[in-house]
Amino acid sequence: MRDHQNENSANDRKSSNEQKESLIKNVSKEANQVVHNTVDTSGKVIKSITGEGGLLGKTIDSSGNIIKKVADKGNEAIDKTSDTSSKAWKTIKDKTVKRKK
């Protein structure tokens with residue numbers, strides 16, 4: 001009976017860790033989308049006022065692309081960090097909490 005309770009407790013912790021990891025990745029993804037949408041919208045507004053083909057429009061496009069790429073790299077870094085820390089935690093937990101059967 002006790003082994004079954006310990007197994008359930010371990011499964012609950014695993015599920016909780018996966019939810020936290022998923023939450024971090026989802027929040028990062030949403031923030032990245034907000035950045036992209038904001039850049040796109042502000043670029044459209046500025047270009048609608050100043051004109052599509054002008055120097056300012058091209059500058060807005062270039063700077064928007066830079067901002068989007070930086071946001072993408074940040075999102076990738078968060079995903080990798082989340083994956084790495086999750087794997088490290090699982091390895092440490094497995095080594096320290098391993099039970100003899």
Would you mind listing the cluster partners of V39? Hydrophobic ones only (ILVMFWY), side-chain contacts under 4.5 Å, chaining allowed. V35, I67
Remaining members of the apolar cluster that contains I92, side-chain heavy atoms under 4.5 Å: none
Interatomic distance, K95 atom NZ to K90 atom NZ [nearest 0.5 angstrom]: 15.0 Å
What residues form a side chain to side chain contact (heavy atoms under 4.5 Å, CB included) with T50, not counting sequence neighbours? I46, L56
For residues 74-81, run the donor-acceptor check on the side chains, cut-off 3.5 Å, and write out each pair with its distance to 0.1 Å, sequence neighbours left out.
unit_1	atom_1	unit_2	atom_2	d
N75	OD1	S28	OG	2.3
T81	OG1	A77	O	2.7

Listing request: all side-chain hydrogen bond (donor to acceptor under 3.5 Å, both in side chains) pairs with a residue in residues 56-66, at least two apart in sequence or in separate chains. K47-D61
For D40, give me all partners under salt bridge (Lys or Arg N to Asp or Glu O under 4.0 Å), at least two apart in sequence or on another chain. K68
